[in-house]
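Report on one structure; see the data block that follows.
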Amino acid sequence: MPGATDLPRAHAVAAANRGWWDSQADEYQSEHGEFLRDVGFVWGPEGLEESTARLLGDVRGRQVLEVGCGAGQCARWLRAEGAHAVGVDLSFRQLQHARRIDQATGVTVPAATADAAALPFRTATFDVACSAYGALPFVADVDAVLAEVARVLRDGGRWVFSVSHPIRWAFPDDPGPAGLVVEHSYFDRTPYVETDQAGRATYAEYHRTLGDWVGALTSAGFVLRELVEPEWPAGHERSWGGWSPRRGRLLPGTAIFRCERAAR
């Protein structure tokens, strides 16, 4: 991991994560596709579904944007619910999987390859924007992304997104007992960066505290209406990376922010 003065710039981070997701998309969809479902909206590894949570409200007839849509599972569910949903993702390979699932299900998601910090839409286009673990953990300049989401939302538009719960940063990414012992400072914002032999970033993930998220949302013109911390449900025994029943019953693994775009 590079030192704080050697951290890659936003464009280098975007390029690195695009390459990483392009290379990992096949494995990701093979491993997690059944859990995510071709037409399904799951907010995180705990398995909380939008059909139960209803954090987006009534989406029928609404213009909805999914940021970091991957293979479009969430946007596809939204379209099945009557929304005019579209998606964007940094990874072209993920969107190739979206096309494959479109053909298999008959539910087509219009989607574009795009950086979340430069959304290819006009101002005030959407009623709702959402992201389930998409884009936000992997961007160097989260303020730029939130500003873009605020730009494309109409006044009063809803913005709901999920990320790894910030407290997880303090613990090792281990689903077993070792993952229950604090290893890092919660207040250390140094990102996790993988590099190649030449020192170029090949993957990056960023930590922001709850206070950082609230401050960034407020600065971007959002009003935070609800913070959801899903509990690990009884009978759910599936592990996903560092998420597991052992940890999930003691520590929150996901944070979901439900916000509204303030009037301009």
Any side-chain heavy-atom pair of [X] and [Y] under 4.5 Å:
X      : Y      : answer
Val214 : Leu227 : no
Thr202 : Trp20  : no
Leu251 : Leu180 : yes
Asn17  : Tyr203 : yes
Asp173 : Arg168 : yes
Pro175 : Arg246 : no
Leu78  : Val128 : no

task: Quickly, which of Phe161, Phe222, Tyr206 forms a ring-ring contact (aromatic ring centres under 6.0 Å, His included) with Trp213? Name it, please.
output: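 Of all the options given, the one that passes is Phe161.
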message: Tell me whether Arg79 contacts the main-chain N or O of Ala85 through its side chain, where contact means a donor paired with an acceptor under 3.5 Å.
response: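 At least one qualifying donor-acceptor pair exists.
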query: How are the rings of Trp240 and His32 set relative to one another: parallel (under 30°), tilted (30 to 60°) or perpendicular (over 60°)?
result: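 Geometry flag for His32 against Trp240: parallel rings.
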message: Quick check on the 6.0 Å ring-centre criterion: do His207 and Tyr192 meet it?
response: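 That pair fails the under 6.0 Å test.
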For Pro230, all residues meeting side-chain contact (heavy atoms from CB on, under 4.5 Å), sequence neighbours excluded: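 Once residues adjacent in sequence are excluded, the partners of Pro230 under the side-chain contact (heavy atoms from CB on, under 4.5 Å) criterion are Glu46, Leu48, Val228, Thr254, Ile256.
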task: Taking side-chain contact (heavy atoms from CB on, under 4.5 Å) as the test, write out the residues that go with Ser185, two or more places apart.
output: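 Phe187, Asp188.
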- request: Would you mind listing every ring-ring contact (aromatic ring centres under 6.0 Å, His included) that reaches into residues 128-150, with sequence neighbours excluded?
  value: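 Pairs touching residues 128-150 that pass the test: Trp21-Phe138, Tyr133-Trp243.
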message: Considering only residues two or more places apart or on different chains, which pairs with a residue in residues 84-106 satisfy ring-ring contact (aromatic ring centres under 6.0 Å, His included)?
response: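 Output for this query is empty, none listed.
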message: Can you confirm whether Arg60 is buried at CZ, in the sense that more than 12 heavy atoms of other residues, nucleotides or ligands lie under 6.0 Å from that atom?
response: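 At most 12 heavy atoms, drawn from other residues, nucleotides or ligands, come within 6.0 Å of this atom.
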message: Tell me whether Arg122 at atom CZ has more than 12 heavy atoms from other residues, nucleotides or ligands lying less than 6.0 Å away.
response: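 Not more than 12 within 6.0 Å, no.
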Exercise answer: donor-acceptor pairs, residues 62-73 side-chain atoms, under 3.5 Å, sequence neighbours excluded:
| residue | atom | partner | partner atom | Å |
| --- | --- | --- | --- | --- |
| Glu66 | OE1 | Ala75 | N | 2.9 |
| Gln73 | NE2 | Gln29 | OE1 | 3.0 |

- request: Run the numbers on Glu34 and Arg238 for salt bridge (charged side-chain N to carboxylate O under 4.0 Å, His left out), then give the verdict.
  value: CA-CA 12 Å; Glu34 182 179 356; Arg238 184 184 188 278; over 6 Å; no
message: For Arg76, is there an ion pair with Asp102 - N to carboxylate O distance below 4.0 angstrom?
response: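 Counted as a salt bridge, because a side-chain N and a carboxylate O are separated by less than 4.0 Å.
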field: Pairs where residues 219-237 contributes a residue and the test side-chain hydrogen bond (donor to acceptor under 3.5 Å, both in side chains) is met, not counting sequence neighbours
entry: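 Non-adjacent pairs meeting side-chain hydrogen bond (donor to acceptor under 3.5 Å, both in side chains): His165-Glu229, Arg225-Glu260, Glu226-Arg258, Glu237-Arg249.
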